[in-house]
Protein chains: 2
Amino acid sequence: MGNYDLKQEVTDKYSLRGRVFNKIREDILSGKYKENDELKEIAIGEELGVSRTPVREAFRQLELEGLIQIVPNKGAYVTGISMNDVKDIYMIRSKLEGLCAAWACEHITESALEEMEENIYLAKFHAERGHFEQMAELDSRFHEILYESCNSKMLEHLLKDFHQYVQRVRKKTLSTTERSLASNHEHQMIMEAIKAKNVKEAEKLATVHIHNAYDNMVKNGLKEAYSNE
Amino acid sequence: MGNYDLKQEVTDKYSLRGRVFNKIREDILSGKYKENDELKEIAIGEELGVSRTPVREAFRQLELEGLIQIVPNKGAYVTGISMNDVKDIYMIRSKLEGLCAAWACEHITESALEEMEENIYLAKFHAERGHFEQMAELDSRFHEILYESCNSKMLEHLLKDFHQYVQRVRKKTLSTTERSLASNHEHQMIMEAIKAKNVKEAEKLATVHIHNAYDNMVKNGLKEAYSNE
DNA sequence: TTGTGTACGATTGTATACAATGATGCAATC
DNA sequence: GATTGCATCATTGTATACAATCGTACACAA
């Protein structure tokens with residue numbers, strides 16, 4: 001996570017390096033490349049029809065993102081996320097998400113609040129019907145809106161990084177109707193606290209929300225996902 | 001600070017890319033390259049006696065670290081740290097440093113505690129005599145020990161990143177005997193809370209410590225440092 | 001004078017050639 | 001049979017050549 005800016009997000013779409021970067025990242029996060037898999041510059045370059053140069057540059061970025069580890073003169077290896085890492089990230093996120101909610105009280109725009117309300121309303125619909133695919137999507141978007149509303153590029157970028165870093169495991173956290181409904185209700189309370197500009201309450205609710213998400217994840221299924229470690 | 005790992009720290013010393021990366025980073029943090037300065041691949045390559053390739057790779061990493069911004073087909077520009085960024089970082093650090101101190105209660109080693117005590121003792125000596133150079137050094141080291149004692153590579157790396165990110169402005173924060181002594185006393189209280197495994201107290205003290213550091217910095221001199229913006 | 005178009009130069013983007021390094025297998029020696 | 005040394009090969013590290021792109025300056029016309 002080095003990295004704490006977001007300027008290259010546009011450029012990445014149009015340069016070869018950016019496309020390679022996104023492709024590999026997706027393949028790692030989706031599970032196509034597994035922990036300790038070796039990524040070879042030539043192989044990936046050929047697969048995507050580009051030379052080694054953009055692949056190398058993408059590798060360097062992926063290393064800073066923490067998705068791969070480069071051993072000099074040897075190769076690039078996919079790094080896994082350990083259970084401890086996941087726990088750490090959730091604890092860190094919990095604190096930062098609270099900060100983010102607090103700041104959002106002051107800086108959120110009307111349209112952002114409206115999108116949140118719409119999001120929550122729609123999520124209720126899907127949660128009741130067990131549409132977990134859509135729930136995951138809506139949940140992601142809710143937090144994204146929150147991040148974009150804190151008026152701090154630093155914090156926004158940091159949280160987005162973490163958010164996508166645990167994407168692999170996060171899918172599981174909303175996989176019951178019960179948790180989906182509870183989570184959505186928590187979203188609503190956070191939104192209302194922000195709307196009321198109740199800083200302390202918003203901070204606390206957001207903090208607890210992430211804690212709950214983590215607890216729920218631990219309760220059902222995180223262990224299996226990592227049982228082969 | 002994308003990047004949230006620390007694997008390449010060793011490799012960086014021995015590869016050209018790593019050396020270029022460190023050199024440019026230092027030059028930005030030390031102020032040799034100023035905000036909006038344009039960094040040209042060829043010029044820097046020639047200055048360091050390497051070709052464009054390692055320079056380009058270093059640029060990509062620096063971009064993820066947020067120190068430069070790369071505009072496609074145009075150039076790389078030094079990104080400044082605005083007063084708002086500094087404030088954000090301190091607020092974020094405040095939270096995370098609290099978390100770090102809390103975790104350290106459980107995981108700190110005897111030898112780390114001893115080094116802390118020594119650090120505080122020595123710092124008192126230098127603070128009383130106005131040796132600000134040594135104070136800055138000792139202060140940095142104190143926090144580093146703390147970071148290394150939380151038993152989370154994630155959090156450790158994150159805090160180290162932030163710490164060096166504000167290095168430019170941080171020097172000013174210890175530039176009075178008064179603040180030096182107060183800061184050192186805060187270090188001592190944090191250390192004692194950790195030693196006593198008083199989690200809540202350690203967290204609170206560490207959080208407040210960073211807040212104080214920020215307040216002090218704002219009080220004397222941050223504005224001037226950025227008056228040309 | 002002002003606006004527009006074009007051509008040129010500077011710089012980055014990509015591909016490829018060559019150098020350096022580390023892994024592997026085999027043979028020679030103890 | 002085990003171990004060490006060497007040769008070979010695969011892979012990354014670096015340099016450089018060429019392509020694409022952007023900004024600018026200048027000429028020309030309204």
Side-chain angles (χ1 to χ4, degrees), chain A residues 3 5 7-25 27-28 33-79, chain B residues 3 5 7-25 27-28 33-79:
Chain A
N3 351 96
D5 63 344
K7 297 93 184 180
Q8 78 281 11
E9 274 160 23
V10 182
T11 98
D12 278 357
K13 274 193 181 166
Y14 305 107
S15 69
L16 289 188
R17 160 179 62 89
R19 270 163 41 205
V20 173
F21 177 79
N22 286 322
K23 179 66 165 49
I24 300 175
R25 172 151 82 173
D27 284 348
I28 292 177
Y33 298 135
K34 296 192 180 45
E35 196 169 341
N36 295 324
D37 274 7
E38 183 170 0
L39 303 182
K40 285 171 208 151
E41 294 173 355
I42 296 176
I44 291 184
E46 282 178 355
E47 193 184 321
L48 301 177
V50 299
S51 77
R52 283 176 54 215
T53 308
V55 176
R56 284 179 61 79
E57 294 182 350
F59 276 19
R60 298 299 176 270
Q61 297 189 215
L62 288 163
E63 183 180 39
L64 279 193
E65 293 252 307
L67 289 171
I68 67 174
Q69 173 177 4
I70 295 175
V71 180
N73 294 308
K74 192 146 176 290
Y77 302 88
V78 177
T79 61
Chain B
N3 37 20
D5 63 344
K7 295 95 185 180
Q8 76 282 9
E9 273 159 24
V10 183
T11 96
D12 278 357
K13 275 192 182 166
Y14 304 108
S15 68
L16 288 188
R17 160 180 62 89
R19 271 163 40 205
V20 173
F21 177 79
N22 286 322
K23 179 66 166 49
I24 300 176
R25 172 151 82 173
D27 284 347
I28 292 178
Y33 298 133
K34 298 193 177 45
E35 195 169 342
N36 295 324
D37 272 7
E38 183 169 2
L39 303 182
K40 285 171 208 150
E41 294 173 357
I42 296 176
I44 291 185
E46 281 178 357
E47 192 183 322
L48 301 176
V50 300
S51 77
R52 284 175 54 213
T53 309
V55 176
R56 282 179 62 78
E57 293 182 351
F59 275 19
R60 297 299 176 271
Q61 299 193 167
L62 288 163
E63 183 180 39
L64 279 193
E65 293 252 308
L67 288 172
I68 67 174
Q69 172 177 5
I70 296 175
V71 180
N73 295 309
K74 190 142 178 293
Y77 302 88
V78 177
T79 61

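The chains referred to below are lettered A, B, ... by the order of the sequence lines, with proteins before strands, and numbering in each begins at 1.
Here CD1 of A:Ile70 is found 11.0 Å from OH of A:Tyr77. Values are rounded to the nearest 0.5 Å. In this structure, CD1 in B:Ile68 is found 6.0 Å from CD1 in B:Ile28, a value given to the nearest 0.5 Å.
B:Asp37 is linked by a side chain to side chain contact (heavy atoms under 4.5 Å, CB included) to B:Tyr33, B:Lys34, B:Val78, counting only residues two or more places apart in sequence or in another chain. Not counting sequence neighbours, the partners of B:Arg56 by the salt bridge (charged side-chain N to carboxylate O under 4.0 Å, His left out) test are A:Glu57, B:Glu41. Applying the side-chain hydrogen bond (donor to acceptor under 3.5 Å, both in side chains) rule to A:Lys40 yields no partners; only residues at least two apart in sequence or on another chain are considered. Considering only residues two or more places apart in sequence or on other chains, A:Glu47 meets the salt bridge (charged side-chain N to carboxylate O under 4.0 Å, His left out) condition with A:Lys23, A:Lys32.
The closest side-chain heavy-atom distance from B:Ile42 to B:Arg52 is below 4.5 Å.
Of all non-hydrogen atoms in A:Ala58 and A:Arg17, the two that sit nearest each other are CB-O, 3.9 Å.
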Enumerate the protein-to-nucleotides 16-22 of chain D contacts in which both atoms are nitrogen or oxygen and the separation is below 3.5 Å.
unit_1	atom_1	unit_2	atom_2	d
D:dT16	O4	B:Thr53	OG1	3.3

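What separates CD of A:Gln61 from C1' of C:dG13 is a distance of 14 Å, to the nearest Å. Rounded to whole Å, atom C1' of D:dT14 lies 9 Å from atom CD of B:Glu57. The separation between A:Phe21 atom CZ and C:dG13 atom C1' is 18 Å, rounded to whole Å.
The phosphate of C:dG13 has OP1 or OP2 within less than 4.0 Å of a side-chain N or O from B:Arg60. Regarding contacts with the backbone of C:dG13, a side-chain N or O of B:Arg56 is found under 4.0 angstrom from either OP1 or OP2.
Within residues 40-50 of chain A, the residues that place at least one heavy atom under 4.0 Å from DNA chain D are, in residue-number order, A:Lys40, A:Glu41.
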